[in-house]
Amino acid sequence: MADDKGLTPRAEDFSTWYTDVIARAELADYSPVRGCMVIRPGGYAIWEHMQAALDRMFKESGHQNAYFPLFIPQSFLAREAEHVEGFAPETAVVTQGGGKELEEPLVVRPTSETIIYASFAKWIQSWRDLPMLINQWCNVVRWEMRTRLFLRTTEFLWQEGHTAHATADEAEAEALQMLKIYRVFMEDHMAMPVVTGLKTDSERFAGAVRTYACEGLMQDNKALQAATSHNLGQNFARAFDVQFQTAEGGLDYVWSTSWGASTRLIGGLIMTHGDDAGLVAPPQLAQYQVVIVPIYRKDEERSVVLEVAHDLREELAANGFRVHLDARDGLKPGAKYYEWEGKGVPLRIEIGPRDIAAGTLMLARRIGGKESIPRDAAADRVGVELEAIQRSLLETARERREANSLRGATKDEFIGYLEGGGGFVYAGWCGSAECEQTIKDQTKATIRVLPDDEFRSDTPPSTCVWCGSPSTAEAIWARAY
RNA sequence: CGGGGCGUAGCGCAGCCCGGUAGCGCGCCUGCUUUGGGAGCAGGAGGUCCCCGGUUCGAAUCCGGGCGCCCCGACCA
């Protein structure tokens, strides 16, 4: 950190700011193992709220949770050619157990397609067994070269959905449905706007037919892939022999999907809303939505104030708010304000002798604004304010993204925008991997997605921004995490 | 794996060049006074100076060899 009090400002050094926020908000800590992290209670609480919201959405759309093993026989990974090529370099492999060399090395799952299809092959016989809609919450390990807390760690937590369907259309619809669910979650819960769309072949999941993704734009104008949803076609079904009898009596391979979102989302949350004072947690996901800070001088005041503060806490808790009373003695109120601001708590209620005498409370918003409100109105106002903050965060983030997006640029403008630290660039693309690669080499920008309809420009680009050939699709370019 | 930086108290650092009782700030503990935006005073606890070897009467400091971490790049959720 810059010093004992302040964080490194975003404008000075964004990535140091990011690490400072995590330390200040006590979200995570470095571990004794390189590339791994300890998720502290403050960070884990956010993850639990993310899990709860996503899990509910998955169940509402008919999915069931299950759990598959951490260890995967090495040979499983090898069965799908593209998949093994994609993941083999970054797997951790266990070669010994119980003091003996294993007959077959076990891979620590980097993702679970292979071991799950081995089960699907046993569970699916008939079209009546379909669709098979499974999700699991677990940890995975990918031996990354360079790691950053939450954004890329060797071990991370995530959910991976795996589904099998009777037809190609159903699998495609499932992949799109889950993409939509992620998007709704990110907007409604994280207050993080994302563009959705199709990945190009170079960014496609190893073993997928099509990969869709949600892409957010962080405050440093780098894109963050926040979730992916894959249509796997029959690739894994063929590799693991997952066949079913059709209603017509024939035999076919299932059509499958997989989709995932990870603790990386917490990194996205930090970089979407955080400011130079620390974390800004959207009310939907905040560990505490409201913190009450009592103020008193003498012992007589202390007991009176604390009694009122306790009552207030009970009332707010009874109304369903996540509320914390900071009754620690010996810390001045100001010190507590700074601490909870750093931790991103959306609302703070200050309560002291003057407020008690007047029958009021002081209500301070993490995103700015402080006012005195009637004590009786507390529960109502807290509810109203939390909703307003949630909306405001999304709106502010959306405006920032749009202010940092460029459409209809010439090649020179395209290059200049990216080199000037700009965000999303919408432009035509001829569809060739050559242009994509050249652009990456020269600008460090990659195609984040070929955006879905609603994100596309009103006038579709007619030519490739790089080579000038006819455009086959509008693409969004950006430098990315 | 390339480039850069750093390993000394929980955290941040000084000391190292020029060898001689291991220090500072924050934090922590105890007490008193404080408390409406980061409290003050007094007392106190806390260290294999990253590891191994060498030089020396004596090494945090000099020499050799390891290891680890962070940041920037190539790969990736």
Side-chain angles (χ1 to χ4, degrees), chain A residues 1-6 8 13-20 23-24 26 29-36 86-91 110-111 139-160 182 199 202-206 211 213-216 223-230 258-268 277 293-299 301-302 305-306 326-342 348-358 360-362 364 370 372 440-441 444 446 479-481:
Chain A
M1 272 181 223
D3 58 52
D4 293 327
K5 300 267 170 78
T8 304
D13 181 344
F14 192 81
S15 66
T16 303
W17 166 82
Y18 175 80
T19 351
D20 283 357
R24 170 65 60 92
E26 298 182 351
D29 207 350
Y30 295 98
S31 90
V33 181
R34 186 196 126 77
C36 294
F87 282 105
E90 51 181 282
T91 52
T111 178
N139 58 341
V140 287
V141 166
R142 296 179 188 178
W143 217 261
E144 300 291 350
M145 293 187 243
R146 196 175 139 220
T147 58
R148 299 196 62 195
L149 293 178
F150 291 116
L151 295 176
R152 176 165 301 103
T153 46
T154 299
E155 177 190 12
F156 57 94
L157 306 184
W158 78 343
Q159 57 69 217
E160 46 179 325
Y182 284 135
K199 286 287 187 183
S202 68
E203 299 259 330
R204 190 168 39 77
F205 175 76
T211 289
C214 296
E215 293 277 333
L224 183 77
Q225 179 172 304
T228 49
S229 182
H230 316 288
S258 69
W259 27 274
S262 73
T263 37
R264 166 179 259 201
L265 289 174
I266 297 173
V293 177
I295 298 161
Y296 46 80
R297 291 171 204 274
K298 310 184 252 313
D299 277 352
E301 287 179 351
R302 181 174 181 276
V305 168
L306 282 181
D326 187 351
R328 286 175 297 175
D329 227 336
L331 272 185
K332 294 184 77 169
K336 296 180 181 176
Y337 301 167
Y338 282 103
E339 178 172 332
W340 293 114
E341 279 167 10
R348 177 179 75 236
I349 292 177
E350 305 164 15
I351 179 164
R354 297 208 294 263
D355 303 296
I356 291 175
T360 59
L361 303 167
M362 195 59 81
K370 181 163 164 173
S372 183
K440 183 177 178 182
D441 293 342
K444 293 182 193 157
T446 50
R479 293 180 180 169
Y481 275 98

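Within every chain, numbering begins at 1; the chains are lettered A, B, ... in the order of the sequence lines, protein sequences first and strands thereafter. Hydrogens, waters and symmetry mates play no part in the numbers below; they use all other heavy atoms, side chains included.
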Restricting to nitrogen or oxygen on both sides, can you table the protein-nucleotides 6-9 of chain B pairs closer than 3.5 Å?
none

- Message: In whole Å, I'd like the distance from the NZ atom of K336(A) to the C1' atom of G37(B).
- Response: 13 Å
- Side chain Y30(A), main chain L149(A), donor-acceptor under 3.5 Å: no
- Item | Residues which pass side-chain contact (heavy atoms from CB on, under 4.5 Å) with T211(A), listed by chain and number, not counting sequence neighbours | K199(A), R204(A), F205(A), A208(A), T228(A), H230(A)
- Message: So P89(A), base contact, sugar-phosphate only, or nothing? Heavy-atom distance under 4.0 Å.
- Response: nothing
- All salt bridge (charged side-chain N to carboxylate O under 4.0 Å, His left out) counterparts of R328(A), not counting sequence neighbours: D326(A), E339(A)
- Considering only atom P, compute the distance from U21(B) to A59(B) and round it to an integer number of Å. 12 Å
- Using both distances under 3.5 Å as the test, list the Watson-Crick or G-U wobble partner of U21(B), or none. none
- By the Watson-Crick or G-U definition, both distances under 3.5 Å, C1(B) is matched with G73(B)
- Item | Whole-angstrom distance between C69(B) and U55(B), as gauged at atom P | 32 Å
- Check whether the aromatic ring of Y338(A) stacks on the base of G38(B), taking stacking as ring centres less than 5.5 Å apart and planes within 30° of each other. yes
- Step-by-step side-chain contact (heavy atoms from CB on, under 4.5 Å) determination, W158(A) to R264(A): CA-CA 9 Å; W158(A) 78 343; R264(A) 166 179 259 201; over 6 Å; no
- Task: For Y296(A) and G36(B), give me the distance from atom OH to atom P, rounded to whole Å.
- Result: 11 Å
- Query: Want to settle it: does I351(A) or L151(A) sit nearer the 5' end of RNA chain B, counting the closest nucleotide to each?
  - Reply: I351(A)
- Message: In this structure, how many angstroms lie between the C1' atom of G10(B) and the CG atom of D29(A), rounded?
- Response: 11 Å
- Note on the structure: Mate of C49(B) across any strand shown (Watson-Crick or G-U wobble, both atom pairs under 3.5 Å) is none
- Item | Nearest-angstrom distance from the residue atom CD of E160(A) to P of A77(B) | 14 Å
- Item | Identity of whatever pairs with A39(B) - Watson-Crick or G-U, under 3.5 angstrom | U33(B)
- Message: Using a distance-only criterion (donor-acceptor N/O pair, under 3.5 Å, no hydrogens), is the base of G37(B) paired with the side chain of E341(A)?
- Response: yes
- Between atom CG in L361(A) and atom P in G36(B), what is the gap in whole Å? 18 Å
- Query: Of the nucleotides A77(B), G37(B), G36(B), which has the atom closest to the R297(A) side chain?
  - Reply: G36(B)
- Item | Sequence-distant partners of R148(A), salt bridge (charged side-chain N to carboxylate O under 4.0 Å, His left out), two or more places apart | none
- Message: Applying salt bridge (charged side-chain N to carboxylate O under 4.0 Å, His left out), can you list everything that pairs with E155(A), at least two apart in sequence or on another chain?
- Response: none
- Message: Between U33(B) and C72(B), how far apart are the two P atoms, rounded to whole Å?
- Response: 50 Å
- Across all strands shown, which nucleotide pairs with C67(B) by Watson-Crick or G-U wobble geometry, both distances under 3.5 Å? G7(B)
- Query: If you measure from the C1' atom in A60(B) to the same atom in U48(B), how many Å do you get, rounded?
  - Reply: 12 Å
- Task: Find the distance I266(A):CD1 to A77(B):P and express it as a whole number of Å.
- Result: 18 Å
- Which residues pass the ring pair (Phe, Tyr, Trp, His ring centres under 6.0 Å) test with W17(A), sequence neighbours left out? F14(A)
- Could you work out the separation of A45(B) and G31(B) based on their C1' atoms and round it to a whole Å? 15 Å
- When you compare C28(B) with C71(B), how far apart are their C1' atoms, in angstrom units rounded to a whole number? 30 Å
- Query: Is it true that a side-chain atom of Y296(A) and a backbone atom of I351(A) form a donor plus acceptor pair closer than 3.5 Å?
  - Reply: no
- Item | A364(A) vs S262(A), nearer the 5' end of RNA chain B by closest nucleotide | A364(A)
- Message: Could you work out, with side-chain contact (heavy atoms from CB on, under 4.5 Å) as the rule, every residue matching A88(A), not counting sequence neighbours?
- Response: V84(A)
- With heavy atoms under 4.0 Å as the rule, sort K199(A) into base, sugar-phosphate or nothing. nothing
- Pick base, sugar-phosphate or nothing for G352(A), based on heavy-atom distances below 4.0 Å to the nucleic acid. base
- Just jot down the side-chain hydrogen bond (donor to acceptor under 3.5 Å, both in side chains) partners of Y481(A), sequence neighbours excluded, or say none. D220(A)
- Can you name the side-chain contact (heavy atoms from CB on, under 4.5 Å) partners of L157(A), sequence neighbours left out? I39(A), Y44(A), W47(A), N139(A), T263(A)
- Message: Across nucleotides 39-44 of chain B, 5' to 3', mark each nucleotide with B, S or - according to how protein heavy atoms within less than 4.0 Å reach it.
- Response: B-----
- Which part of the nucleic acid, if any, lies within contact of E144(A), taking any heavy atom under 4.0 Å across all strands shown: a base, the sugar-phosphate backbone alone, or nothing? base
- Item | Distance, rounded to the nearest Å, where R24(A) contributes CZ and C11(B) contributes C1' | 12 Å
- Main-chain N/O of P110(A) paired with R142(A) side-chain donor or acceptor, under 3.5 Å: yes
- Message: Using a heavy-atom cut-off of 4.0 Å across all strands, would you classify R142(A) as base, sugar-phosphate, or nothing?
- Response: base
- Task: Please measure how far the C1' atom in G10(B) lies from the corresponding atom in C57(B), and state the result in whole Å.
- Result: 37 Å
- Message: Can you measure R328(A) atom CZ to U35(B) atom P for me and round it to whole angstrom units?
- Response: 18 Å
- Item | Nearest-Å distance once atom C1' is located in both G19(B) and C63(B) | 13 Å
- Message: The test is side-chain contact (heavy atoms from CB on, under 4.5 Å); show your working for R354(A) and M362(A) and say whether it passes.
- Response: CA-CA 10 Å; R354(A) 297 208 294 263; M362(A) 195 59 81; over 6 Å; no
- Message: Can you list everything that forms a side-chain contact (heavy atoms from CB on, under 4.5 Å) with K298(A)? Sequence neighbours excluded, please.
- Response: E300(A), E301(A)
- Task: Identify whether any heavy atom of S202(A) sits under 4.0 Å from a base atom; if not, whether one sits that close to sugar-phosphate; answer base, sugar-phosphate or nothing.
- Result: nothing
- Query: When you check every protein heavy atom under 4.0 Å of nucleotides 68-74 of chain B, what one-letter string (B, S, -) results, 5' to 3'?
  - Reply: -SSSBBB
